[in-house]
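Read through the structure below, which is laid out as structure tokens, and then see the notes.
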Amino acid sequence: QVQLVESGGGSVQAGGSLSLSCAASGYTSRIYCMGWFRQAPGKEREGVAGLYTDGGGTYYVDSVKGRFTIAHDKAKNTLTLQMNSLKPEDTAVYYCAADSGYSCTAVPNTGYEYNYWGQGTQVTVSS
């Protein structure tokens, strides 16, 4: 089993920055993909960014490219999401997710369902 705990959410004005962190524990050596997802009120959950824990690449949804940066510190078992130039439409609950499947994909919004999820952290961007 893998446990994920997010931190770092909060409120910020448009144009500001926030950094989210996700601490992983348990059988972390079996994690091959990690990612950030978000769900705004009344909307479906969407993938925001993902990566392969073996350094295979990072992937972003078009709406956050150039503004968000995902990173993984393998030694600390921590996933981060640096969010710059935030917009009101970035307001959502952000979830950290991980997967232990050999065939997992880090590309957002392919329909692949990760098998471990954090509890979520609220990000609110005001105009």
Side-chain angles (χ1 to χ4, degrees):
Q1 289 292 326
V2 173
Q3 295 78 42
L4 303 172
V5 179
E6 302 101 332
S7 61
S11 298
V12 66
Q13 288 191 328
S17 298
L18 281 174
S19 181
L20 304 183
S21 183
C22 172
S25 61
Y27 291 109
T28 57
S29 62
R30 299 181 181 179
I31 296 174
Y32 298 103
C33 297
M34 296 191 78
W36 289 97
F37 295 75
R38 66 186 180 187
Q39 187 165 21
K43 294 188 177 181
E44 292 187 354
R45 186 181 66 200
E46 69 165 342
V48 175
L51 55 74
Y52 295 100
T53 58
D54 64 357
T58 57
Y59 304 87
Y60 300 90
V61 66
D62 286 347
S63 60
V64 307
K65 283 180 180 177
R67 300 189 298 123
F68 290 12
T69 303
I70 188 173
H72 181 238
D73 186 328
K74 200 162 190 175
K76 296 181 179 179
N77 290 319
T78 300
L79 184 74
T80 59
L81 185 69
Q82 177 64 40
M83 305 184 292
N84 298 327
S85 302
L86 282 161
K87 304 175 181 180
E89 51 264 43
D90 294 318
T91 295
V93 177
Y94 283 70
Y95 298 91
C96 170
D99 199 90
S100 56
Y102 290 113
S103 61
C104 69
T105 177
V107 178
N109 305 311
T110 60
Y112 186 89
E113 286 291 329
Y114 281 31
N115 52 9
Y116 300 108
W117 291 84
Q119 82 287 352
T121 185
Q122 177 70 45
V123 171
T124 302
V125 185
S126 58
S127 57

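The first residue in the sequence is number 1, and the count goes up from there. From a predicted model like this one, the values you see are computed outputs, not experimental measurements.
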All heavy atoms of Val61 vs all of Gly47, minimum pair found to be CB-O, 3.6 Å
Please collect all ring-ring contact (aromatic ring centres under 6.0 Å, His included) contacts where either partner lies in residues 38-83, sequence neighbours excluded, each pair once. Tyr52-Tyr59
Check side-chain hydrogen bond (donor to acceptor under 3.5 Å, both in side chains) between Lys65 and all other residues, then give those that pass, not counting sequence neighbours. Asp62
Show the numbers, then the answer: is there a side-chain contact (heavy atoms from CB on, under 4.5 Å) between Thr124 and Val12? CA-CA 6 Å; Thr124 302; Val12 66; over 6 Å; no
Smallest heavy-atom separation, Lys43 atom then Gln39 atom, equals O-NE2, 3.1 Å
Interatomic spacing from CG in Leu51 to CG in Leu81 - rounded to 0.5 Å: 10.0 Å
Determine the sole option in Tyr112, Tyr116, Tyr114 for which the side chain to side chain donor-acceptor pair (under 3.5 Å) test with Asp99 is passed. Tyr112
Nearest heavy atoms of Met83 and Val123, plus distance in Å: CE-CG2, 3.9 Å
Report yes or no: do Asn84 and Gln82 form a side-chain donor-acceptor pair below 3.5 Å? yes
Would one find more than 12 heavy atoms of other residues, nucleotides or ligands at under 6.0 Å from atom CD of Gln13? no
So, using side chain to side chain contact (heavy atoms under 4.5 Å, CB included) as the criterion, who are the partners of Glu44 when residues are at least two apart? none
Can you run down the salt bridge (charged side-chain N to carboxylate O under 4.0 Å, His left out) pairs that involve residues 8-29, sequence neighbours left out, and say none if there aren't any? none
Locate the shortest heavy-atom distance separating Thr78 from Ser21; write the atom from each residue and the value. CG2-OG, 3.3 Å
Backbone N or O of Gly101 within a donor-acceptor pair of the Ser103 side chain at under 3.5 Å? no
Minimal non-hydrogen separation, Ala98 against Asn115, with atom names: O-OD1, 3.1 Å
Is there a path of hydrophobic side-chain contacts, each under 4.5 Å between heavy atoms of I, L, V, M, F, W or Y residues, that connects Ile70 with Trp117? no
Please tabulate, for the side chains in residues 88-97, all donor-acceptor contacts under 3.5 angstrom to protein atoms that are two or more places apart in sequence or on a different chain.
residue, atom, partner, partner atom, Å
Asp90, OD1, Arg38, NH1, 3.0
Asp90, OD1, Arg67, NH2, 3.0
Asp90, OD2, Arg67, NH1, 2.7
Asp90, OD2, Arg67, NH2, 3.4
Asp90, OD2, Lys87, N, 2.8
Thr91, OG1, Pro88, O, 2.9
Thr91, OG1, Val125, N, 2.8
Thr91, OG1, Val125, O, 3.3
Tyr94, OH, Arg38, NH1, 2.9
Tyr94, OH, Asp90, O, 2.6

Distance-only criterion, 3.5 Å: show the donor-acceptor pairs between side-chain atoms of residues 28-37 and protein atoms not counting sequence neighbours.
residue, atom, partner, partner atom, Å
Thr28, OG1, Asn77, OD1, 3.4
Trp36, NE1, Thr80, O, 3.3

SG-CD distance between Cys22 and Glu6, expressed to the nearest 0.5 angstrom: 5.5 Å
